[in-house]
Amino acid sequence: SLRDDQDVVCIRRDRLHPIEEARFYEKLAKTLGTSNQRELAKYVGVSQARVSQRLSLLEMPREVQELMSKGPDALTERHARAIRRLPEAKLQIWLAKRIFKEKQTVEFTSALVSDMLDEMGIQSRRSSRWNRAPGVRWRLSADTLELHVQGADHAARLDVLKRFLS
């Protein structure tokens, strides 16, 4: 249809928001009767990796998707991909809200997620030491996860009830 053709042009020119693009791929898959990402990528003229990355955004909690649509200060797709590595939706939502509120960088978010995964005993995909979040310390107790963040111009202490982890 004409709208689908316009969406393809917008995708090729990077004019669609990543969530809109993901919804387009989902709709296109239904229209074409396929779930094969390579076929979708070929049809649109983008890489299979791009299709896969965009579709994975739809697996994020609705609250995180909404934070990606909050204007110029919104979470980016790279923020969301880092946050998505956390195993629990409640924890993803909590961290996304904190990252959005504090306007943290993608690098900080990725390093923080890696540190959280390490502390939870889950293997992170950290590839090198430089990726660690500087000035971040964790302490887990029976009831609370305490996060201490110290930076050049701020220090913050965040207490998260254990229910966010369960």
Side-chain angles (χ1 to χ4, degrees), residues 11 13-26 37-38 40-41 44 46-141 143-166:
I11 288 169
R13 294 182 180 169
D14 286 326
R15 290 187 181 164
L16 277 186
H17 185 276
I19 296 291
E20 292 174 358
E21 187 176 340
R23 289 186 182 126
F24 170 75
Y25 292 137
E26 193 174 56
Q37 293 177 358
R38 280 196 177 95
L40 295 174
V44 177
V46 296
S47 71
Q48 183 271 331
R50 179 175 175 150
V51 172
S52 176
Q53 288 171 352
R54 296 302 196 271
L55 286 173
S56 72
L57 296 174
L58 297 179
E59 297 170 14
M60 296 290 297
R62 179 185 49 80
E63 293 91 336
V64 177
Q65 292 180 30
E66 288 172 1
L67 289 173
M68 291 180 66
S69 302
K70 294 270 186 185
D73 293 329
L75 291 181
T76 67
E77 178 185 3
R78 290 180 56 213
H79 281 104
R81 284 199 321 251
I83 292 168
R84 185 172 182 268
R85 293 170 40 213
L86 294 171
E88 298 290 331
K90 287 182 182 181
L91 192 54
Q92 291 173 354
I93 293 165
W94 172 81
L95 184 59
K97 287 179 180 179
R98 286 292 178 178
I99 296 299
F100 176 78
K101 181 180 176 184
E102 296 172 10
K103 296 180 174 53
Q104 293 291 353
T105 65
V106 172
E107 291 75 19
F108 180 89
T109 304
S110 182
L112 191 55
V113 167
S114 292
D115 287 346
M116 292 173 78
L117 292 172
D118 287 348
E119 190 65 34
M120 288 185 250
I122 300 170
Q123 184 177 0
S124 71
R125 294 188 294 180
R126 181 184 300 142
S127 59
S128 63
R129 290 189 65 202
W130 69 267
N131 217 8
R132 291 193 71 121
V136 176
R137 291 181 299 135
W138 289 91
R139 184 171 68 203
L140 289 173
S141 65
D143 300 340
T144 306
L145 165 68
E146 296 178 34
L147 167 63
H148 299 269
V149 180
Q150 298 175 349
D153 38 25
H154 75 282
R157 179 178 175 183
L158 307 173
D159 294 316
V160 183
L161 296 176
K162 191 176 179 181
R163 71 172 192 264
F164 285 108
L165 296 173
S166 61

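Treat the numbers as computed from the prediction; the structure is a model and nothing was measured. All values below come from the heavy atoms of this structure, side chains included, with hydrogens, waters and symmetry mates left out.
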Side chain to side chain, Leu91 and Met116, heavy atoms closer than 4.5 Å = yes
message = If we ignore hydrogens and angles and just use 3.5 Å, is the side chain of Ser52 paired with the main-chain N or O of Gln48 as donor and acceptor?
response = no
query = Do side-chain atoms of His79 reach the backbone of Gln104 as a donor and acceptor pair under 3.5 angstrom?
reply = yes
task = Evaluate the side-chain proximity of Pro87 to Leu117: yes if any heavy-atom separation is below 4.5 Å, no if none is.
result = yes
message = Would the distance check show the side chain of Ser56 and the main-chain N or O of Gln53 forming a donor-acceptor pair, the cut-off being under 3.5 Å?
response = yes
inquiry  = Within the 4.5 Å heavy-atom criterion, are Leu58 and Tyr25 side-chain neighbours or not?
reply    = no
note = CD1 (Ile83) and CG (Leu112) are apart, to the nearest 0.5 Å, by 9.0 Å
task = Kindly write out the residues that satisfy salt bridge (charged side-chain N to carboxylate O under 4.0 Å, His left out) with Glu59, not counting sequence neighbours, or none if the list is empty.
result = Arg84
task = Please identify each residue that fulfils side-chain contact (heavy atoms from CB on, under 4.5 Å) with Glu66, with sequence neighbours left out.
result = Arg62
task = Drop me the distance from Leu75's CG to Gln65's CD, to the nearest 0.5 angstrom.
result = 11.5 Å
query = Taking the side chain from Gln92 and the backbone from Leu86, do they hold a donor-acceptor pair closer than 3.5 Å?
reply = yes
query = Is a side-chain donor or acceptor of Glu21 paired with a backbone partner of Arg54 at a separation under 3.5 angstrom?
reply = no
inquiry  = If we count only N and O atoms by modelled type, under 3.5 Å, do the side chains of Ser114 and Arg85 hold a donor and an acceptor together?
reply    = yes
Salt bridge present between Glu63 and Lys90 (N-O < 4.0 angstrom) = no
ask   = Do Glu77 and Ile19 have side-chain heavy atoms sitting under 4.5 Å apart?
value = no
key: Main-chain N/O of Met68 paired to His17 side chain as donor or acceptor, under 3.5 Å   = yes
key: Inter-residue atom distance Thr109.OG1 - Phe100.CZ, 0.5 Å rounding   = 12.5 Å
